[in-house]
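Here the structure is laid out as structure tokens; the discussion comes afterwards.
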Amino acid sequence: MAGLQPPRGTHDLIADTMRRHRHVVETAARVTGTYGFEEWATPIFEDTRVFSRTLGETSDVVSKEMYTFEDRGGESITLRPEGTAAICRALVTNGLTQTLPQKVFYQGPMFRYERPQKGRFRQFHQIGAELIGAEGPLRDAEIIAMAQNVLEALGLGDDVVLELNTLGDLASRAAWREALVAYFRDHAEALSEESRARLESNPLRILDSKSEQDRRLLDAAPEFGNFLNEDSRRFWDELRHYLTAFGVKFVENPRIVRGLDYYSHTAFEFVTTKLGAQGTVLAGGRYEGLIEQMGGPAIPAIGWAGGIERLALLLDAPPELPPGIAVVPMGDSALLQAAPIVQSLRAAGFRAEIETRGNVKKRMERVVKSGASHAVVLGDDELARGVVQLRDLSAREQREVAIPELVQALGER
RNA sequence: GCGGAUGUAGCUCAGUCGGUAGAGCGCCGGUUUGUGGUACCGGUUGUCGCGGGUUCGAUCCCCGUCAUUCGCCCCA
């Protein structure tokens, strides 16, 4: 089996890595629970149309990053590249469009065929939340506050900054887009090669360009603020007021543009400078047409997703395991006696293990290294008298305890 | 998909101006199978990422490939 490796961009989650991962998930589930959210799990693969229709044919995710294959029945199947579209599909499939709002938390693997880097993988994991049936900007602000709470609960409140933008409604954005394309067309020779290609596929992306020459053009480009219609402007103003009411600090960043087509109005990212080029740790926005595209009614929604690997990388120390109890039998007859003793400890809810290898000194060394809080030492003398030595490993104190009283004695510590 | 760097024991790394490898840590055992992480003694570990080429001979040079990593694109 030598030489076998996990596929490129995938990784095993083991021991403290898994503990970090689970800590992120459990924290997010707990915090979103305080907002009334409940976890859903949808399949990790879906009919390809769930994604291709909704994310935008020209988005990078759809055009070059999807794991798509034909199954044995000839259906086109795609490993989910993100969670929102699948949650909306599930909402419609399960007839939940009549019982709104739905407050959904989800977590699990996502798949994108990308070049891996630190904090970027082909199979990665996300936590996410969707509030489906979000009547107005109050809800957007609340859901962003919830994201902020999750990050704070993970101890990352000081590591991230919330960047906020509005994409306006469809009419505003269409008008602006038209003006923008016209402007860039006039200056096409001055654009970078990449941005010239984006002019056709995804012109809003040019705003995000890191190229010097593009930046110079951007100063004189049509500003979105001038294209916001009255409804969009009001939404944007109210959003910012509500965010302040929820105690959320933010920085306005007009260059935040979502890569996926379904967003409108609110767009936001929590970013960090600690992960190199992968600075976005959690991001989301409002979407108003997606559920209709899935065959349901037009229902506005707001949601976000966070990268578990990226969040886990930012945690300073992995959460620790609770200390256990080590049962250390000495001699063969003690080994037999150790079985019912260790079982009684487990039945009482303790993490308990039998340590049998090596001489007594080695056993004790291993027990201490394992992080156990107590050792239960069983020798022939004691067993003959129905007692064990209960040793508190941090206090280095030992006392004799009758076997039936062991669980109670440990409970007292 | 594009460009750069890296790849030697479980981990961190050294090394050979080309003669098939080493140190620390870890791990295992011992120092009277009845007691503690720091002591002492001993031991273990490698297709030197993989494939091919040059060479009497390659871990070292060349090519390819895979993986990791940094940046671009894009994104969580």
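We name chains A, B, ... by the order of the sequence lines, and we start the count at 1 in each one.
The gap from the P atom of B:G7 to that of B:C62 amounts to 13 Å, rounded to the nearest Å. Between B:U69 and B:C28, the distance separating the two C1' atoms is 34 Å to the nearest Å. Separating the C1' atom of B:G49 from that of B:C66 is a span of 8 Å, rounded to the nearest Å. Here the separation of B:C48 from B:G15, taken at their C1' atoms, is 11 Å to the nearest Å. Distance check on atom C1': B:G22 versus B:U16 gives 11 Å, rounded to whole Å. B:U6 and B:C60 have their P atoms separated by 15 Å, with the value rounded to a whole Å. Remark: the separation of the P atoms in B:A21 and B:U44 is 15 Å, to the nearest Å. Spacing of P atoms, B:G1 relative to B:G46, comes out at 36 Å, to the nearest Å.
Within 4.0 Å (heavy atoms only), A:R115 reaches at least one base atom of the nucleic acid. A:E309 comes within 4.0 angstrom of nothing in the nucleic acid, heavy atoms only. Nucleic acid contact for A:F270: none, since no nucleic acid atom lies under 4.0 Å from a heavy atom of the residue. As judged by a 4.0 angstrom heavy-atom cut-off over every strand, A:G9 is placed among residues touching the sugar-phosphate backbone only. Within the nucleic acid shown, A:K118 comes within 4.0 Å of sugar-phosphate atoms alone, with no base atom in reach, counting heavy atoms only. Across all strands, A:G119 comes closer than 4.0 Å to base atoms (heavy-atom distances). Using a 4.0 Å heavy-atom cutoff across all strands shown, A:L393 reaches at least one base atom of the nucleic acid. Among the heavy atoms of the strands lying under 4.0 Å from A:V368 is at least one base atom, whether or not backbone atoms are also near.
Rounded to whole angstrom, the span from the CD atom of A:E365 across to the P atom of B:G26 amounts to 11 Å. If you take CZ of A:R255 and P of B:C74, they are 12 Å apart, rounded to a whole angstrom. Between A:K362 atom NZ and B:U35 atom C1' there is a gap of 13 Å when expressed in whole angstrom units. To the nearest angstrom, P of B:C66 lies 11 Å from CZ of A:R122. In this structure, the CD atom of A:E114 is 15 Å from the C1' atom of B:G71, given to the nearest Å. Atom CD of A:E400 and atom C1' of B:U35 are 15 Å apart (whole Å). The distance from atom CD of A:Q123 to atom P of B:A76 is 17 Å, rounded to the nearest whole Å. One can place CD of A:E355 at 16 Å from P of B:G34, the figure rounded to the nearest angstrom.
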As a quick check of understanding, evaluate ring-ring contact (aromatic ring centres under 6.0 Å, His included) for A:F224 and A:W176, giving each step before the final call. CA-CA 6 Å; A:F224 187 39; A:W176 177 51; 4.4 Å; yes
For A:R139 and A:E142, run salt bridge (charged side-chain N to carboxylate O under 4.0 Å, His left out): C-alpha distance rounded to whole Å, both residues' side-chain angles, the deciding distance at 0.1 Å, then the answer. CA-CA 5 Å; A:R139 294 306 180 187; A:E142 188 176 22; 2.7 Å; yes
Using the side chain to side chain contact (heavy atoms under 4.5 Å, CB included) rule, take A:H21 and A:E309 through it: C-alpha gap first, then chi angles, then the decisive distance, then the call. CA-CA 7 Å; A:H21 191 100; A:E309 284 82 358; 4.3 Å; yes
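Base pairing annotation: B:C25 forms a Watson-Crick or G-U wobble pair with B:G10, both donor-acceptor distances under 3.5 Å. Here B:U54 sits opposite no nucleotide as a Watson-Crick or G-U wobble pair (both hydrogen-bonding atom distances under 3.5 Å). Partner assigned to B:C2 is B:G71, using Watson-Crick or G-U wobble distances below 3.5 angstrom. Remark: B:C60 base-pairs with no nucleotide; criterion is Watson-Crick or G-U wobble with both hydrogen-bond distances under 3.5 Å. Pair assignment for B:U38 gives none, since no Watson-Crick or G-U wobble pairing has each distance under 3.5 Å.
Within a 6.0 Å radius of CG in A:D158, other residues, nucleotides and ligands contribute 12 heavy atoms or fewer. The number of heavy-atom neighbours closer than 6.0 Å to CD of A:E252, taken from other residues, nucleotides and ligands shown, is above 12.
In this structure, A:R366 reaches the B:G29 phosphate: one of its side-chain N or O atoms is under 4.0 Å from OP1 or OP2. The phosphate of B:G36 has neither OP1 nor OP2 within less than 4.0 Å of any side-chain N or O from A:R363. At B:G71, one or more side-chain N or O atoms of A:Q117 fall inside 4.0 Å of OP1 or OP2 (strictly under the cut-off). A close approach under 4.0 Å does not occur between any side-chain nitrogen or oxygen of A:R391 and OP1 or OP2 of B:G34. Contact check, A:K361 against B:U32: no side-chain N or O comes under 4.0 Å of OP1 or OP2. Look at A:K369 and you'll find a side-chain N or O under 4.0 angstrom from OP1 or OP2 of B:C27.
Among the nucleotides B:G34, B:G36, B:C74, the one closest to any side-chain atom of A:E65 is B:C74. Ranking B:A39, B:A76, B:C74 by closeness to the A:A283 side chain, first place goes to B:A76. Closest approach to the A:R120 side chain among B:G36, B:A76, B:C73 is made by B:C73 (side chain taken as heavy atoms from C-beta onward). Here B:U68 is the nucleotide among B:U68, B:G34, B:G37 with the atom lying nearest to any side-chain atom of A:P116.
Nearest heavy-atom pair, A:G411 versus A:F350, reported as atom, atom and distance to 0.1 Å: N-CZ, 4.2 Å.
Residue-to-nucleotide contacts include a donor-acceptor pair under 3.5 Å from the side chain of A:Q398 to the base of B:U35. Side-chain atoms of A:E382 come within donor-acceptor range of the base of B:G34, with a qualifying N/O pair under 3.5 Å.
Between A:E130 and A:Y287, the side chains place a donor N or O and an acceptor N or O closer than 3.5 Å (distance only, hydrogens not considered).
RNA chain B is contacted by both A:E397 and A:G279; A:E397 maps to the nucleotide lying nearer its 5′ end (nearest heavy atom per residue).
Remark: A:R122 qualifies as a cation-pi partner of A:Y113 under the 6.0 Å distance and 45° angle criteria applied to the six-membered ring.
Evaluated for a side-chain contact (heavy atoms from CB on, under 4.5 Å) with A:T266, the options A:L167, A:I144, A:T166 yield exactly one hit, A:I144.
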